[in-house]
Amino acid sequence: MCGIAGIIGNFEISDLETIKIALRHRGPDRQSSFKKNEFCFMHSLLKIMDLSDQSVQPMVDESTGNVIIFNGSIYNYKDLKKNYFIRDKFKSKTDTEILLKMYQKFGLNFLNYLKGMYAFAIFDKKKNKIFIFRDKFGIKPLFYFSKLSYLIFASEIKVLLKNKIVKNSVEVNYKKVVEFIGHRHLNGSSSTLIKNIKVLNPGNFIEYDLKLKKFDIIKFDFKKDQKYQKKDNYYFENIFKESLDYLTITEHKKIACLLSGGLDSSLLSIILNSQNNDKEIHTFSSILNQPNVENKNIQKLVNDYKFKQHFIYEDSVNFFEDHLKTIKDMDQPTPDASSTLHNVLCRKVAENGFKVLFTGNGGDENFFGYPLHAYGYLANILQRGKFKSYLNKLFIFKKLYKNKNIFLRSLKELISVDVLNIVKAYQLKSRVNHLNTDTNRYSINFYQKLSNDIFKNIVLNYNSHWGLQSFLDYEDKNSMAYGIECRVPFLYDDIEEFSINTRLDSHFENGPKSILRNHSKLPNYIKNQPKFAFAANLQGYLIKDKNKIKEKIYYDFKDIPLIENKKLIKLQDEEPNNDIFFRTYSYGLWYNSVFKDI
């Protein structure tokens, strides 16, 4: 895990130094660069796979002259080395060197062989082209700015803003601000809160022709693996074990794992701890003053499985200051308190000497754990005319969703996306009426029509812009702020392929995420519980820091576009609107952190 950046076009030596400094937190072990007349690559190294100096990047393939800068981990790199380069000599033990070899052997099709998370750039000397790739899940970030033939890319927006051309061109994307405050959507499209800075979407790559001085963005067509097509759902236990064997490949001897007490992180912690792979496993948790069911499970798990456990407690968190830092680390506002608590947990992980951190992210997306997945599945059953099956599943789901009207919510998903978006548009207007803007100027759709299948459309919306991309983004930024590599086993390629090839009814056999619930190592007190949000008491922090926040708004929010101070301070006193207030306040803090020095 590292930080990467590159400039294609005219650059100054001072650009390199400024950018390397901005990247340093992502890779404190070494900063290096590669320069040619038409471009330069910069790299900040965090040693994970190879702790020697042979892992330094940019790395040059001496046989071809190709150059790579790489951020991420290729978990199957040892298999690739054994299968295709058994007689080749290598100067390092890194996955980076394997990428150069794979590109030389297979060309662009090499992406089909990779299992892992990545964002990297390769200069192809023979073709005189630069290729910039991002993994299909979007685990590793990649942002870019372009102006005519000039292109600059980096792992983080703050790095791009160190460049003079970028800095002089930025302006707020007000449509994204309104969408964030009203719907909490930030990530999931190529646009960001800064109009001129874009995201390279997951599974896409940039092909820049240095001779023609132009580039194209291409979506790579990943091949589908059919090897799990005929496996039953209990085969998941073998796949999960094998996947963790790959994901625990690192030269570091200690591994941290976040433990919330929920289904995903509990299963992950239990299996990691039981098979350990010669690693010392520690768990890290956030504890509320008034714990919910998941939070209460943490101590049970620690006692039952003898975890080496570390805690942060609600009252020990200086939320006001930690929130300010989190916004700077993330380069964007926070939708709720959870991303700040995640940042504090990452700091705790780093303070205890860990460089590799596991999380349960992706479990809800690949195994359908959100309530809307359940509603969509029920609507899917009704659409197929299976009314008896619908009533049976409704009875099972009610046990997990006692406070939700599952019947009405499932019927709602039968309504067309166009009608649902009209309803959401009215909802958006009511949520942002405290802003100084006319929402009629913006066309914002909550639902995207990505599939004609009701359930599949919900899945694709979650994965593209409702949640997953935001979660992955803040996990990357928060962990890398402290020089930690964050790994997400539930998004490993083999696990995704298994999930895709498993019958939908098997996923909901005894409730959402049945594949995980049925794991033999999971205790009953985890199997039979509903889903809860990340343990973070937003309301408690808003009450505790009320005067500090009000003072911040009064003195520092006077010239922030869209915000009227008096309306925002009034909104602060409306408890039912805590979420809307907090997102607006976070936007103001973000605006000041980015634009006050420009």
Side-chain angles (χ1 to χ4, degrees), residues 136-138 176 179-180 182-191 199 201-204 219-222 224 335 361-387 389-390 393-394 397 400-401 404-428 442-472 490-491 495-509 511-515 531:
K136 62 184 175 183
F137 299 110
K176 288 294 289 185
E179 185 178 4
F180 165 68
H183 288 327
R184 63 175 287 147
H185 295 165
L186 264 178
N187 305 82
S189 67
S190 60
S191 58
V199 179
N201 282 333
N204 286 12
K219 185 172 180 61
F220 187 76
D221 185 18
F222 289 92
K224 301 298 181 183
N361 212 336
D364 285 312
E365 287 76 15
N366 263 340
F367 295 96
F368 316 131
Y370 295 111
L372 198 51
H373 284 135
Y375 309 148
Y377 171 66
L378 290 171
N380 182 281
I381 295 175
L382 280 177
Q383 196 176 46
R384 288 183 279 157
K386 296 185 176 182
F387 301 110
S389 176
Y390 172 82
K393 293 297 182 185
L394 197 65
F397 290 3
L400 291 171
Y401 299 119
K404 298 182 184 294
N405 193 324
I406 301 174
F407 173 70
L408 290 179
R409 290 302 304 270
S410 63
L411 293 182
K412 185 191 119 202
E413 295 312 313
L414 292 169
I415 301 171
S416 75
V417 166
D418 292 336
V419 174
L420 289 173
N421 277 328
I422 291 172
V423 175
K424 284 292 184 180
Y426 281 108
Q427 187 182 64
L428 179 75
Y442 311 116
S443 176
I444 298 172
N445 288 328
F446 183 88
Y447 286 83
Q448 300 293 331
K449 186 70 177 289
L450 303 175
S451 172
N452 291 323
D453 180 278
I454 292 173
F455 181 78
K456 188 175 181 181
N457 195 56
I458 289 171
V459 171
L460 293 174
N461 272 271
Y462 264 117
N463 292 356
S464 66
H465 69 282
W466 283 351
L468 180 61
Q469 295 307 310
S470 291
F471 299 149
L472 291 173
F490 288 109
L491 291 179
I495 290 176
E496 185 220 18
E497 289 297 335
F498 171 81
S499 176
I500 289 172
N501 288 299
T502 298
R503 290 172 56 251
L504 187 57
D505 290 336
S506 295
H507 280 289
F508 291 92
E509 180 184 356
K513 292 163 81 169
S514 290
I515 302 296
K531 177 178 175 56

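As a basis for the values below, the full set of heavy atoms in this structure was taken, side chains included, without hydrogen atoms, waters or symmetry mates.
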### Task
Start with the C-alpha gap between H507 and S514, add the side-chain angles, then the distance that decides, and say whether side-chain contact (heavy atoms from CB on, under 4.5 Å) holds.
CA-CA 5 Å; H507 280 289; S514 290; 5.9 Å; no
Using modelled atom types only, decide if a donor and an acceptor are shared between the side chain of [X] and the backbone of [Y] within a distance under 3.5 Å.
X	Y	answer
H373	Y370	yes
K424	V419	no
N457	L450	yes
T502	F498	yes
D453	K456	yes
E496	F490	no
N445	Q448	no

### Query
What pairs with Y462 under side chain to side chain donor-acceptor pair (under 3.5 Å), at least two apart in sequence or on another chain?
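Not a single residue meets the side chain to side chain donor-acceptor pair (under 3.5 Å) criterion with Y462.
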### Query
Excluding sequence neighbours, so at least two apart, what forms side chain to side chain donor-acceptor pair (under 3.5 Å) with S470?
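Here the qualifying residues are N187.
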What are the two closest non-hydrogen atoms of [X] and [Y], and how far apart are they?
X	Y	value
F180	L186	CD1-CG, 3.4 Å
Y390	L378	CD1-O, 3.5 Å
V199	S191	CG2-O, 4.4 Å
Q469	P202	OE1-CG, 3.6 Å
S499	F368	OG-CZ, 4.2 Å
L414	A379	CD2-O, 3.6 Å

#### Entry: R384/D505 under salt bridge (Lys or Arg N to Asp or Glu O under 4.0 Å): CA gap, chis, key distance, verdict
CA-CA 13 Å; R384 288 183 279 157; D505 290 336; 3.8 Å; yes
### K136 charged N/C atom sitting above F222 aromatic ring, 6.0 Å / 45°
yes
Approximate separation, where rounding is to 0.5 Å, of [X] [atom1] and [Y] [atom2]:
X	Y	atom1	atom2	value
F407	L394	CZ	CG	7.5 Å
R409	K404	CZ	NZ	7.0 Å
N380	K386	CG	NZ	9.0 Å
N463	N366	CG	CG	7.0 Å
N461	L372	CG	CG	8.5 Å
E413	I458	CD	CD1	4.5 Å

### Verdict with reasoning, S410 to Y377, per side-chain hydrogen bond (donor to acceptor under 3.5 Å, both in side chains)
CA-CA 8 Å; S410 63; Y377 171 66; over 6 Å; no
### Task
Would you please classify the geometry between the H465 ring and the H185 ring as parallel, tilted or perpendicular, with 30° and 60° separating the classes?
perpendicular
So do the side chains of [X] and [Y] get within less than 4.5 Å of each other, counting heavy atoms only?
X	Y	answer
N361	L491	no
N421	I444	no
F367	P512	no

### Message
Can you confirm if the aromatic rings of W466 and Y447 lie within a centre distance of less than 6.0 Å?
### Response
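Under 6.0 Å, so yes.
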### Task
Evaluate the criterion side-chain hydrogen bond (donor to acceptor under 3.5 Å, both in side chains) for residue pair Y442 and E179; output intermediate values, then yes/no.
CA-CA 9 Å; Y442 311 116; E179 185 178 4; over 6 Å; no
### Query
Checking side-chain contact (heavy atoms from CB on, under 4.5 Å) for the pair Q427/H183: CA distance, chi angles, key distance, verdict?
CA-CA 9 Å; Q427 187 182 64; H183 288 327; 4.2 Å; yes
#### Entry: Audit row: I381, K393, side-chain contact (heavy atoms from CB on, under 4.5 Å) steps and yes/no
CA-CA 9 Å; I381 295 175; K393 293 297 182 185; 3.9 Å; yes
### Message
For F455 and F508: C-alpha separation, side-chain torsions, deciding distance, then whether ring pair (Phe, Tyr, Trp, His ring centres under 6.0 Å) applies.
### Response
CA-CA 12 Å; F455 181 78; F508 291 92; 5.8 Å; yes
### Message
For F446 and L420: C-alpha separation, side-chain torsions, deciding distance, then whether side-chain contact (heavy atoms from CB on, under 4.5 Å) applies.
### Response
CA-CA 8 Å; F446 183 88; L420 289 173; over 6 Å; no
